[in-house]
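Below is one structure; the comments refer to it alone.
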Amino acid sequence: MEEFDLTTREGRFKHFGSVDPIEGTKPKNKEDMADLQNSRKDFLFEVDSVGINNLNYPVVIGDFQSVGNFELATSLRKDEKGINMSRLIESLETVNHSGVPLNFETLEQLLKHLRERMKQDNAKLTVSGKWFFNKPSPGTNIDALAHADVIYSASHNGDKFTRKQFGMTAQVTTLCPCSKEISEYSAHNQRGNVKVMIDIDDSVELPSTYKEDLYEILEINASSQLYPILKRTDEKMVTERAYENPRFVEDLIRLVAYDLVELPWVKGFELECRNEESIHQHDAFSRLKYQK
Ligand SMILES: Nc1nc2c(ncn2[C@@H]2O[C@H](COP(=O)(O)OP(=O)(O)OP(=O)(O)O)[C@@H](O)[C@H]2O)c(=O)[nH]1
């Protein structure tokens, strides 16, 4: 058996089975390499969406840095074999300025770049991330950071958005009306997750406070709200607020839906409320779709 010098990394690697590379017959220069992606013939079908997903990249949402989870894609014509996937991240890099600012202006720039660079008719993206914001305690007014999950999803044909969606998941408190009604004292409550995906009406100007406006609607209709810091006086406040505002999962979805319909920039939405039950191991949920 061949002996290797175990004091060097190369020797140790070979000791553990690594071998030298072969000379090989295939080209090493890019110009000489086959470009399969760019071969042309009848490939039977157009492809609606082809690209990459589960890509984590730094983003800036509001005042804070966060991590975005991206899906980047384009359409693909019937006579083209594949897209050049490395160009998707090259396009993302063009809007990365110590993080990609998450707003529709930047995403439109990115989609235009993607479509042109990939020479396709349509470019699409979805990105989700945690939006952090200051949420002072309700009575004592002590600053601390809370978060909600946001989703931007859009497609662009070069001239305009062909789909523009904004989504959010906020966490709230719900207190069971039935439990309050039937019990001598107390009422069980739960942490609720209110999730919405909105189709944005592009003919209406999106207010600069759209994230804040939406967050307020998702949480204000619940029994009470969540805060990072609560002193005793705050805790009394949120506990009593919840008791004064009991909500079934059906009540919450209808109250949130009413406020969403009133927002001028909302064309339609899909809404879900899910309560992590404290008296069961399962969750309770409600869903609602609406188009204006
Ligand atoms: N189209 C396609 N590409 C893939 C697939 N799986 C991996 N790849 C990617 O193929 C990429 C390399 O191809 P290209 O991006 O076309 O590289 P290139 O042709 O040298 O790039 P350009 O200089 O932009 O022309 C790598 O980044 C791989 O990640 C797949 O299923 N389909």
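In this chain, residues are counted from 1 in sequence order. Both counts, for ligands and for their atoms, begin at 1 and track the order of listing.
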Proximal candidate to [atom] [heavy atom criterion; set [options]]:
atom: atom 15 (O) of ligand 1; options: Ser86, Gly51, Gly82; answer: Ser86
atom: atom 11 (C) of ligand 1; options: Met33, Arg87, Gln37; answer: Gln37
atom: atom 9 (C) of ligand 1; options: Met85, Glu80, Lys81; answer: Met85

Ring centres under 6.0 angstrom apart (Phe13, Phe4):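 No; Phe4 has its ring centre 6.0 Å or more from that of Phe13.
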Exercise check, heavy-atom protein proximity under 4.0 Å to [atom]:
atom: atom 26 (C) of ligand 1; result: no
atom: atom 4 (C) of ligand 1; result: yes
atom: atom 29 (O) of ligand 1; result: no

Arg117 with Glu90: basic N within carboxylate O range, under 4.0 Å: yes
Arg117, portion touching ligand 1 at heavy-atom distance under 4.0 Å: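 The part of Arg117 near ligand 1 is the side chain, not the backbone.
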Which segment of Lys30 sits under 4.0 Å of ligand 1 when only heavy atoms are counted: side chain
Per-atom contacts, ligand 1 versus Ile83 - under 4.0 Å to a heavy atom: 1 (N), 2 (C)
Does [atom1] belonging to [X] count more than 12 external heavy atoms closer than 6.0 Å?
X: Glu3; atom1: CD; value: no
X: Glu23; atom1: CD; value: no
X: Arg232; atom1: CZ; value: no

Protein heavy-atom partner closest to atom 19 (O) of ligand 1 - residue, atom, separation in Å: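 It is Asn84 ND2, 3.2 Å.
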Any side-chain donor near an acceptor of the partner, Asn69 and Asn56, under 3.5 Å: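 Yes, Asn56 and Asn69 have a side-chain donor paired with an acceptor closer than 3.5 Å.
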Cation-aromatic face contact Lys289/Phe269, 6.0 Å, 45 degrees: no
